[in-house]
Number of protein chains: 2
Amino acid sequence: MLDVRRLRLLRDLAHLGTIAAVAEAHTYTASAVSQQLAALQREAGVRLLERAGRRVALTPTGAALVRHTEVVLAALEAAEATLAAGRDGLSGGVRIGAFPSAVRTLLPAALVALSREHPALDLTVTELDPVAVPAALRQRRLDVALTHDYDIVPAEPDPALDSTPLLNETVFLAVPAAHDPPGRQDERTDPVAGARDADWIVGTPGTLCHAVAMHACQAAGYQPVVRHRADDFTALLALVAAGQGVGLVPELALSHPLPPVTLLPLALRRRTSVAYRRGAADHPAVAACVAALRTAAASITADRPPTDPPTATDPPNASG
Amino acid sequence: MLDVRRLRLLRDLAHLGTIAAVAEAHTYTASAVSQQLAALQREAGVRLLERAGRRVALTPTGAALVRHTEVVLAALEAAEATLAAGRDGLSGGVRIGAFPSAVRTLLPAALVALSREHPALDLTVTELDPVAVPAALRQRRLDVALTHDYDIVPAEPDPALDSTPLLNETVFLAVPAAHDPPGRQDERTDPVAGARDADWIVGTPGTLCHAVAMHACQAAGYQPVVRHRADDFTALLALVAAGQGVGLVPELALSHPLPPVTLLPLALRRRTSVAYRRGAADHPAVAACVAALRTAAASITADRPPTDPPTATDPPNASG
DNA sequence: CGAAAACGTAAGCTGAGCTGATGCTTGACG
DNA sequence: CGTCAAGCATCAGCTCAGCTTACGTTTTCG
């Protein structure tokens with residue numbers, strides 16, 4: 001019978017790439033991980049790892065073993081979910097991760113509803129970028145995470161994770177209000193293409209916001225001139241209003257006293273969803289979080305009827 | 001993270017009923033099992049067991065946990081199957097269980113083919129009754145097992161096991177050849193009903209053969225008079241030929257120099273199949289065994305064309 | 001070409017988990 | 001209704017799996 005603890009190390013190695021990183025994630029020493037993986041390999045009777053430079057890579061058999069491990073771990077997660085359901089009330093800690101704009105918009109209402117209906121729940125919110133969500137969930141540093149992806153930067157399906165969709169928003173190109181749409185104004189089909197010569201305000205490298213801005217420009221056939229870096233959309237809007245450049249803003253991030261900017265709707269859409277470990281969907285605490293977030297998302301979309309579906313000819317909240 | 005070793009103990013407790021039996025199956029002391037289950041319960045935070053008399057019973061939550069455990073174990077089995085597939089050649093030990101008549105009929109050809117094609121395989125055959133097959137597979141005392149069930153005694157689906165069908169045979173009521181069908185001869189619809197007043201030759205209690213004979217008579221509305229007990233069908237046929245009574249005989253068990261008996265085909269059918277642990281279907285050794293048994297079964301049915309489908313008016317091999 | 005990163009091996013220590021002993025409760029049986 | 005065996009839980013004690021620490025080797029990068 002294979003040892004699940006060792007399989008978990010192998011699974012994490014597949015994602016983290018080095019034994020040292022696996023050790024850090026498990027608060028072990030690298031030596032311990034190396035020994036355990038060696039034991040797993042010995043027990044398996046097949047080569048699972050091989051050195052690749054100064055790191056180790058999985059053999060095809062090792063990768064296949066990881067795929068099976070995902071199933072095992074999902075089943076164990078589901079087992080723990082039923083245990084949690086067997087316990088009397090909804091209690092214990094739930095670590096929620098969310099991207100910054102969700103912490104401001106979606107999350108507060110959901111948190112209020114959750115702590116009202118389940119006062120025994122210990123909710124802990126951590127702000128983190130969507131790119132960090134999968135690893136955080138897998139390494140059990142989070143239980144539930146708000147995340148999103150874009151058409152042009154789709155999240156690759158992760159066998160270890162599951163999710164339910166929450167929102168599907170329009171993304172706008174924010175440009176200074178005083179000006180007309182920058183660049184060639186006849187390019188109405190794609191405002192991003194028209195912003196070829198504009199200065200850009202994007203997120204810091206490594207975040208999803210940064211990646212999507214880069215991809216959008218790349219799809220329009222150019223490399224953007226990055227003038228400013230701002231991860232906070234309110235800050236970004238303020239910079240745009242100050243004439244410092246243009247940037248991408250999702251609908252949810254539009255602050256209510258909107259600075260004087262013009263919002264050009266793009267074909268690009270942002271899909272927000274709640275993610276959790278596969279098998280945890282039946283965990284009562286996770287289910288409660290998902291339900292609360294769904295109602296919060298529903299009330300948000302109800303508050304802003306004209307924005308969904310987007311009316312390209314009449315951008316909402318656009319002020320002159 | 002739940003400990004799979006402990007979950008396995010709980011799963012086995014669900015089937016074996018007592019901690020002592022689980023301990024014996026794992027070659028532990030009862031104390032060790034008790035401690036591990038207590039630890040599992042502590043870790044789970046829910047009552048999983050409760051004393052019922054001088055034994056322990058699972059709570060509903062405990063039973064739910066067992067169901068999840070089956071999934072976990074099946075995934076681990078599948079993982080080991082891919083490891084075995086990753087190893088160079090087909091090698092290692094394969095413990096095959098089979099009911100007695102299969103050992104004589106189906107198995108030899110399959111064994112010959114297997115050891116010819118995969119000489120590195122260490123085949124070990126154990127004779128055992130189908131009722132013992134599920135426990136033997138679960139407790140890993142066997143890897144593959146030939147088993148069967150009947151329409152009137154269907155094998156309940158076991159979440160821990162999987163199987164592929166091999167044969168579907170007619171069951172006959174064997175009666176002495178000299179006599180006409182015993183009892184009221186007008187009851188052509190059901191020979192078993194006509195054998196109400198006959199002496200019966202059945203298997204020893206606890207075997208599936210015994211159970212199916214009892215069920216068949218019960219379905220015909222009576223309790224059979226059991227004169228002799230014989231598990232071996234050749235012995236049973238000899239007894240019938242000697243006029244000692246009647247008995248049920250499946251098609252596969254008909255010895256080739258058939259004693260002078262009359263065989264009355266019944267509506268009852270016996271379904272033979274190969275069983276293995278769920279998840280092990282992709283294990284190369286298991287797959288090879290299944291394939292060999294399938295071809296053996298196919299050649300047997302090809303050898304006896306008139307018997308499948310059965311011709312009720314002209315019982316095969318019936319001699320006067 | 002030194003230095004850091006990454007992995008593996010050897011030695012030593014600690015706790016999880018086993019055995020064995022003991023006591024309690026339950027059910028069967030005369 | 002007393003006796004006995006079956007079955008489970010708890011306690012004490014011991015052993016080894018598995019961790020850390022230390023060190024050596026290989027690779028990559030500045």
Side-chain angles (χ1 to χ4, degrees), chain A residues 1-59 61-63 65-66 69 76 80 135 139-140 206, chain B residues 1-59 61-63 65-66 69 76 135 139-140:
Chain A
M1 184 63 51
L2 292 164
D3 186 345
V4 175
R5 290 177 60 250
R6 290 171 175 166
L7 289 175
R8 216 158 89 84
L9 293 178
L10 188 74
R11 197 272 307 246
D12 291 349
L13 177 65
H15 290 288
L16 297 174
T18 76
I19 289 182
V22 176
E24 191 189 355
H26 287 255
T27 58
Y28 283 163
T29 56
S31 173
V33 175
S34 176
Q35 288 176 52
Q36 290 303 309
L37 289 177
L40 177 64
Q41 192 165 210
R42 197 180 326 121
E43 192 179 13
V46 203
R47 285 200 66 75
L48 302 173
L49 308 170
E50 51 193 2
R51 293 226 40 163
R54 61 179 169 184
R55 33 183 59 194
V56 288
L58 277 78
T59 63
T61 307
L65 190 53
V66 168
T69 302
L76 283 174
E80 282 186 292
Q139 294 173 29
R140 316 190 129 252
Chain B
M1 185 64 49
L2 292 164
D3 185 347
V4 175
R5 290 178 60 250
R6 290 170 176 166
L7 289 176
R8 214 156 92 85
L9 294 177
L10 188 75
R11 197 272 309 246
D12 291 349
L13 179 65
H15 290 287
L16 296 174
T18 74
I19 287 181
V22 175
E24 192 189 355
H26 287 254
T27 58
Y28 283 164
T29 57
S31 173
V33 176
S34 176
Q35 288 177 53
Q36 290 303 309
L37 289 177
L40 177 62
Q41 191 165 209
R42 196 180 326 122
E43 192 179 11
V46 203
R47 284 199 68 74
L48 302 174
L49 309 169
E50 51 193 0
R51 294 223 46 159
R54 60 180 167 183
R55 33 182 60 194
V56 289
L58 278 80
T59 64
T61 307
L65 189 54
V66 168
T69 302
L76 282 174
Q139 293 171 32
R140 317 190 128 252

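Below, chains carry the letters A, B, ... as their sequence lines are ordered, and counting in each starts from 1. Heavy atoms only: backbone and side chains are in, while hydrogens, waters and symmetry mates are out.
- When all heavy atoms of B/Arg47 and B/Glu50 are compared, the pair lying nearest together is NH2-CA, 3.8 Å.
- Within 4.0 Å (heavy atoms only), B/Ala20 reaches sugar-phosphate atoms of the nucleic acid but no base atom.
- C/dA16 atom P lies 16 Å from atom OH of B/Tyr28, rounded to whole Å.
- Checked against C/dG17, D/dC8, D/dC19, the side chain of B/Arg6 finds its nearest nucleotide in C/dG17.
- Taking atom CD of residue A/Gln35 and atom C1' of nucleotide C/dT14, one finds them 14 Å apart after rounding to whole Å.
- Atom-to-atom, CG of B/Leu49 to C1' of D/dA9 comes out at 12 Å; the value is rounded to the nearest Å.
- Contact annotation: B/Arg5 reaches the phosphate of C/dC18 (side-chain N/O to OP1 or OP2, under 4.0 Å).
- The backbone N or O of B/Leu65 sits less than 3.5 Å from a side-chain atom of B/Thr69, completing a donor-acceptor pair.
- Nucleotide D/dA9 holds its P atom 12 Å from the CG atom of B/Leu48, rounded to whole Å.
- Protein atom CZ of B/Arg55 is 10 Å distant from nucleotide atom P of C/dG27, rounded to whole Å.
- Distance check: B/Gln139 CD to B/Arg8 CZ gives 9.0 Å after rounding to the nearest 0.5 Å.
- To the nearest 0.5 Å, the span separating OG1 on A/Thr18 from CZ on A/Arg54 amounts to 10.5 Å.
- A/Arg140 is linked by a salt bridge (charged side-chain N to carboxylate O under 4.0 Å, His left out) to A/Glu77, A/Glu80, counting only residues two or more places apart in sequence or in another chain.
- Between the base of C/dG20 and the side chain of B/Ser31 there is a donor-acceptor pair shorter than 3.5 Å.
- As rounded to whole Å, 11 Å separates atom P of C/dA6 from atom CZ of A/Arg51.
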Pairs: protein N or O with nucleotides 2-5 of chain C N or O, under 3.5 Å:
{"from": "C/dA5", "atom 1": "O4'", "to": "A/Arg54", "atom 2": "NH1", "distance (Å)": "3.3"}
{"from": "C/dA5", "atom 1": "N3", "to": "A/Arg54", "atom 2": "NH1", "distance (Å)": "3.4"}

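- For the OP1/OP2 pair of C/dT19 and a distance below 4.0 Å, the side-chain nitrogens and oxygens of B/Thr29 include at least one atom meeting the criterion.
- A donor-acceptor contact under 3.5 Å is not formed by the side chain of A/Ser34 with the base of C/dT9.
- Taken from CG in A/Leu76 to CE in B/Met1, the straight-line distance is 6.0 Å, to the nearest 0.5 Å.
- Put simply, CG on B/Leu9 is 15 Å from C1' on C/dA16, counting in whole angstrom units.
- Going from atom CD1 of B/Ile19 over to atom C1' of D/dA6 covers 13 Å, rounded to whole Å.
- Taking CG of A/Asp3 as the start and CG of A/Leu10 as the end, the distance is 12.0 Å to the nearest 0.5 Å.
- Positionally, the nearest nucleotide of DNA chain D for B/Gly17 lies more toward the 5' end than for the other of A/Ala52 and B/Gly17.
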